Every structure is written in C-alpha cells, then in structure tokens.
Participant: 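Got a structure for you, questions after.
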Amino acid sequence: MKDLKRTKIKHLLQENEVGQTVNIKGWVRTKRDSKNVVFIALNDGSVIHNMQVVADPNRFGEELFKSIHTGACLSVTGEITPSQGSGQKVELAAAQIEVLGTADPEQYPLQPKKHSLEFLREIAHLRPRTNTFSAILRVRHAMAYAVHKFFNDKGFFYLHTPIITGSDAEGAGEMFRVTTLDLHNLPKNEQGGIDFTQDFFEKETNLTVSGQLEGELGAMALSEIYTFGPTFRAENSNTTRHLAEFWMIEPEMAFYDINDNMDLAEEMLKYLVQYALDNCMEDLEFLNQRALEEEKNKKQEERSEMSLLERLRFVVENDFQRLTYTEAIDILKNSNHNKKKKFQFLIEAWGADLQSEHERYLVEKHFKKPVILTNYPKEIKSFYMRENEDGKTVAAMDILFPGIGEIVGGSQREERYEKLKQRVQEIGIKEEQVWWYLDTRKFGTAPHSGFGLGFERMILFITGMGNIRDVIPFPRTPGNAEF
RNA sequence: UCCUCCUUAGCUCAGUUGGUUAGAGCACAUGACUGUUAAUCAUGGGGUCCUAGGUUCAAGCCCUAGAGGGGGAGCCA
C-alpha cells in the first residue's frame, strides 16, 4: 500500500473512482473534529476544491491529530467513498495517514479565514496556498499557454529577444543597469567618466524595456513573430497597474497595416478570454464570487455594473469600439463632463495627451466597451511609428479596457528609410546606436506592424483583481524585491 | 516623484471630550459534542497601541519628525 502512486485531487473529483483505493498528498486547509470522526480538507493545488478526508480518531490515536493543523502537509491513503455530507460528492476514507510536514499553528500565518490582500503580499512565499492565489496562478498559467497556442496556430514564430541589451534607444522608460564592475572602485577613462570598456560587455548594458526593435528584425525575415518574456522598467511608478518587472507579449508582423494590426490584437484578446471561459471555469467562478464580496464594501457609484463573468462574456461577444484620436477629442470636448468642468484636466485643444480620466470616461461612461484609439499626434508618440498622410498624426493604436486603461499599445512601423532616419535625428537618438534597426529599412524594407500586450494587465482583467501586485507570484516594485 | 488616507493581540477591527487595569470576532490551547463544511458550545492564555521626540497632573487619542502600507495622479504595458 505504501508504494501506491499519488493521484491528483482534480482527477478524483472529476472521474468516478468510488471504491478505488488511492493515495493523495496535499496541504491541510481546515481540520474539524468530534469524538468519533475527524474531517480534514486537503488541497494539492491541482484544482480549487479540496478533498475531504474522513478519519476515525479511535483508529489512529489522538497524538496523530494533535500534529495536524492548517498548513501541514499530509500523505493519505484510503478508499474513495460517496460522501454523507452535502458539500461534496465523494470523500476519502483514510486508512493510512502520514504527516510529511507539520505547521506550528503558533507560527504559521495563514488561518482558515479571510486575509487582506495587503497582509498576503507580506507573505508572498505562502500566499499561493490560499484559494484566491492558487486560482490566479492557475489562470495565469492557462493564459500563458493560450498565448503560445494562439500564435502557434496562426503560424507565428516565438522569437527570443535579448534580456540584456546594449541599446538605450528603446525609449520606453528608465532602465536597470547591468554591470560586473566593482561599484566601490569604478575604473575611470581619460575624461573622468566611468570606463565601460573594462565592463563585461565592454560597453554600457541594461535590462530590456521592450523586445520590439529586435522583434522587427525577426519579422523582416520570418514574416510573423512574437515575443513573450520579462521586461524591466526602473520607473518610480507606484500604482495598481505598474511593475518594475513584468511580462510582455509583442507580436510583429510583416505586410500588416494598422487595420490588420488592430484585427489581430482584438482577435487575440477575445481568444484569451474565451480560452479562460472554456478552461478555467471553476477558478473563474471562485474569483467571480470573491469580486462580488469585494464589491459589497464599495460605495454604490464605484460598483461595476457587470460581474466578472459578465464582463468576460461581454468582451468576447462585442466588437471593440474603434475611433481616431481626433474623434475622441471631439467627444470629450463636447461631453457634459467637460462642460461642467468635472475633468481635472479640461479638454481644450487638439494635440493634448489624454489623461487616464479621459480614457476612463470614453471606455466606462461613453462607449461602455473596450475602445481602440488610433492616429495620435506624432509629438506624443514614439519615433518608430508610421507618419500618416496628414503629416501630423501617426498610425498608432491603443486598446483601452474598463478598469485597467491601456492594455495594448501598438502601431504600424515607419518603413520608409528617409522618414525614419529623420525622426531618429529629430528625437536625438545617436545613429550608431540603431544602425542595425535602420538597416532593415535600407535592405528589403516592407510595411509592417506590431503591438505590445502587458501580460499582467490581461491577468488583472481576467481574474477581476484590482492590484497588479496580486497577479504575479513575486512582484517587483520600487522599494520591494523581497522573496 | 506628487497628493491623500492608514498603522491598536497572530489576523480583521472597535476604542466616546485626553482620565482607573486597552476590548471584540477569528486564530491558538484545554474540555464537551455520533457526519462536519471557514463546524458548534464552554473556559483560558495572548499587547513595544509603528518608531523617536514633544505638550500635559495625565496621551492609544493632541503636536513634530521618521518608517511601513493603501488609494489617486504622472510615466506606461
């Protein structure tokens, strides 16, 4: 009996195994005892539900159960039987219980009760053992898998772009420096600056803030590629939607114009949501319930009109609203919100960057659905975006989601050599930094497009969580790199 | 980085106008209970009131500074 292979709880709850003798291993969620019977809810992370272990205390002796508390790890062997209670169909009648690891209840911080997310962040090494975080991590896994499946099925190639980069022209924010120099004794060059020729790469290097530029190199050979990897921003951003280390998905496609780009992004977002609905329903139902409980603590006007599951279905079933920046400015300028001066930043003239209050108004109040904004003024967008015929806007597109804001940012890339070179000069990027990027426009250039999707922002939307620190196992934010 | 709010038992929180020995629920321990569902019932232990300084006869409560955390803004994905 000792050599019985472990069975996952997910399997036992799905399949009819009544009468079978099986072994399960997992962590104790709760223990309830009375004189003649002990119930232990055991969870192994394979599924959100627990297996109820039923044991006769007279058979095992009192001492065994005194060492079993919430958090302990057990190996239990016994027969799967129909449950007499109403909470579950089957349960495990224990014949053998082995304590693999105890959890001293005076020290173990997790209790069978509701904990605040703030407290759980302080014990991020243990929070995967809660229902909420195990559900999030399973959904996160499923989404990562679905990203690869989506692109693979479309014939895109997964391109591994570098994490250490020697280029600081990506322009997406402050970078983390990578060096092996002795920080207490830095070598100096003749000008009195730091002599990076003595560094590991013999030049300044940083952690990547985007794989896009390298992604374009791949698209100019393989036609359609995507990247999916960690990205680093040393911005001092303290918000519920920014991390210093996050995961980004960046497809890049030759021969796609801005409209093809939007179609792909919308199709992908819908695919991911549908995949979660098809494959993660038990976890989503739990998260839906959790979100409903949380809503009760909010003021009436801050509550969302739809539940999490309703929001997910809504995204799949409805087309995203597409409009240009110029149209958006008109809507905002003529809105009662603007006339009654309810915006902190009033919309007055064309050319201003949209504040998050404006984006929220468009998505949550005006259209009440995901919005794709296009053709922004070139002054407020990046150098590599393709200039439109009007000479003042670029073929950019941002997808805005309710509650999250910008979830996708993309554009048709400037494929004309002279135009791109001119923009590089205007912005003040040194040509020797991006010569390889300019080469793609010199040799066999082609119209192409791409976008970036913040993976954690997508997980925020799908799980209904409110803080990005709760949808990544070990969040990195300013002042915090614990665990 | 800016604005704003918070910090009291392991956790979630109450604590009146500044006034005696700082409370509750959960958790934990002990006991009871013939099948529970975050079990229930009884009893018990558990406190650097974030830190430092100040005002006062008297500070958990008022003032100053600092630390940690939440929310919002900017930057963006």
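For clarity, every value in this text was computed on a predicted model and none was experimentally measured. Below, read A as the first sequence line, B as the second, and so on, with proteins coming before strands; counting in each chain starts at 1.
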Participant: Base, sugar-phosphate, or nothing for P109(A), non-hydrogen atoms under 4.0 angstrom?
Facilitator: nothing
Participant: Does S356(A) make a side-chain N or O approach to OP1 or OP2 of rG72(B) shorter than 4.0 Å?
Facilitator: no
Participant: Can a donor-acceptor pair be found between the side chains of E216(A) and Y384(A) at a distance below 3.5 Å?
Facilitator: no
Participant: Any side-chain to backbone donor/acceptor pair from Q412(A) onto I258(A)? Under 3.5 Å, distance only.
Facilitator: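 Yes; at least one donor-acceptor contact below 3.5 Å.
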Participant: Side chain of Q111(A), heavy atoms from C-beta onward: which of rG71(B), rG35(B), rC26(B) has the nearest atom to it?
Facilitator: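 So the nucleotide nearest the side chain must be rC26(B).
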Participant: Applying a 4.0 Å non-hydrogen cut-off, can you work out what V408(A) is touching in the nucleic acid: base, sugar-phosphate, or nothing?
Facilitator: sugar-phosphate
Participant: Can you check the E122(A) CD to rU12(B) C1' distance for me, whole Å?
Facilitator: 13 Å
Participant: Using whole Å, report how far CD of E357(A) lies from P of rC75(B).
Facilitator: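 Spelled out: CD on E357(A) to P on rC75(B) is 12 Å.
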Participant: How about R138(A) and S134(A): does a side-chain donor come under 3.5 Å of a side-chain acceptor?
Facilitator: yes
Participant: Within the pair H242(A) and rG74(B), is there a side-chain N or O less than 4.0 Å away from OP1 or OP2?
Facilitator: no
Participant: Quick check on rA73(B): is either OP1 or OP2 less than 4.0 Å from any side-chain nitrogen or oxygen of R241(A)?
Facilitator: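 Checking rA73(B) against R241(A), a side-chain N or O does come within under 4.0 Å of OP1 or OP2.
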Participant: In terms of side-chain geometry, is the basic nitrogen of R290(A) or D283(A) positioned less than 4.0 Å from the acidic oxygen of its partner?
Facilitator: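 Salt bridge absent between R290(A) and D283(A).
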Participant: Checking contacts here: which listed nucleotide (rU34(B), rC75(B), rA77(B)) is nearest the side-chain heavy atoms of M248(A)?
Facilitator: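 The answer is rA77(B), which lies nearest to the side chain.
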Participant: rU30(B) P sits how many Å from E106(A) CD, rounded?
Facilitator: 10 Å
Participant: Of the nucleotides rG35(B), rA77(B), rG69(B), which has the atom closest to the Q52(A) side chain?
Facilitator: rG35(B)
Participant: Taking atom P of rG72(B) as reference, at what distance in whole Å does atom CZ of F343(A) sit?
Facilitator: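 Rounded to whole Å, this separation is 18 Å.
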Participant: Give a yes or no on whether a salt bridge exists between E406(A) and R457(A), defined as a side-chain N under 4.0 angstrom from a carboxylate O.
Facilitator: no
Participant: Answer with base, sugar-phosphate or nothing: what part of the nucleic acid does E91(A) contact at a heavy-atom distance below 4.0 Å?
Facilitator: base
Participant: Counting side-chain heavy atoms from C-beta on, which of rU37(B), rC11(B), rC75(B) comes nearest to D353(A)?
Facilitator: rC75(B)
Participant: Please work out if N50(A) contacts a base, only the sugar-phosphate, or nothing of the nucleic acid, heavy-atom cut-off 4.0 Å.
Facilitator: nothing
Participant: Heavy atoms from C-beta onward define the side chain here; which of rA73(B), rG70(B), rU36(B) lies closest to that of Q355(A)?
Facilitator: rA73(B)
Participant: Please state how far atom CD in E359(A) lies from atom C1' in rG74(B), giving the value in whole angstrom units.
Facilitator: 12 Å
Participant: Look at all strands and tell whether F246(A) reaches a base, only sugar-phosphate, or nothing, counting heavy atoms closer than 4.0 Å.
Facilitator: base
Participant: Specify the separation, in whole Å, of atom NZ of K31(A) and atom P of rC28(B).
Facilitator: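 Distance, rounded to whole Å: 9 Å.
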Participant: Should S116(A) be listed as having a side-chain N or O under 4.0 Å from OP1 or OP2 of rU12(B)?
Facilitator: yes
Participant: Answer with yes or no whether the side chains of T231(A) and R233(A) bring together a donor and an acceptor at under 3.5 Å.
Facilitator: no
Participant: Using a heavy-atom cut-off of 4.0 Å across all strands, would you classify I249(A) as base, sugar-phosphate, or nothing?
Facilitator: nothing
Participant: Is any side-chain N or O of N238(A) closer than 4.0 Å to OP1 or OP2 of rG69(B)?
Facilitator: no
Participant: So among K369(A), K368(A), K365(A), which one has a salt bridge (Lys or Arg N to Asp or Glu O under 4.0 Å) with E305(A)?
Facilitator: K368(A)
Participant: Take atom P in rU36(B) and the same atom in rC41(B), then report the distance between them in whole Å.
Facilitator: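 Per the computed distance, 15 Å lies between those P atoms.
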Participant: Figure out the CZ/P separation between F65(A) and rC33(B), and round it to whole Å.
Facilitator: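 Going from CZ in F65(A) over to P in rC33(B) covers 18 Å.
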Participant: Within a radius of less than 6.0 Å around NZ of K31(A), do more than 12 heavy atoms belonging to other residues, nucleotides or ligands occur?
Facilitator: yes
Participant: For G452(A), which contact category applies under a 4.0 Å heavy-atom criterion: base, sugar-phosphate, or nothing?
Facilitator: sugar-phosphate
Participant: Which part of the nucleic acid does R469(A) contact within heavy-atom distance under 4.0 Å: base, sugar-phosphate only, or nothing?
Facilitator: sugar-phosphate
Participant: Between R32(A) and rA39(B), does any side-chain N or O lie under 4.0 Å from OP1 or OP2?
Facilitator: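 Yes, R32(A) has a side-chain N/O under 4.0 Å of OP1/OP2 on rA39(B).
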Participant: Considering only atom C1', compute the distance from rG60(B) to rG71(B) and round it to an integer number of Å.
Facilitator: 25 Å
Participant: Nearest-Å distance, CZ (R457(A)) to C1' (rC75(B))?
Facilitator: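 The distance from CZ of R457(A) to C1' of rC75(B) comes to 10 Å, rounded to the nearest Å.
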Participant: Is T30(A) near enough to rA39(B) that one of its side-chain N or O atoms lies under 4.0 angstrom from OP1 or OP2?
Facilitator: yes
Participant: Is the shortest side-chain N/O distance from N36(A) to OP1 or OP2 of rU34(B) below 4.0 Å?
Facilitator: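 Result: no.
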Participant: Distance between the C1' atoms of rA77(B) and rG69(B), in whole angstroms?
Facilitator: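 Nearest-Å result for rA77(B) against rG69(B) at atom C1': 25 Å.
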Participant: Distance check: side-chain N/O of S34(A) vs OP1/OP2 of rU40(B), anything under 4.0 Å?
Facilitator: no
Participant: By the 4.0 Å heavy-atom rule, please label R29(A) as base, sugar-phosphate, or nothing.
Facilitator: nothing
Participant: Using a cut-off of strictly less than 4.0 Å, decide whether Q84(A) has a side-chain nitrogen or oxygen near OP1 or OP2 of rU36(B).
Facilitator: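 The answer is no; no side-chain N or O of Q84(A) sits under 4.0 Å from OP1 or OP2.
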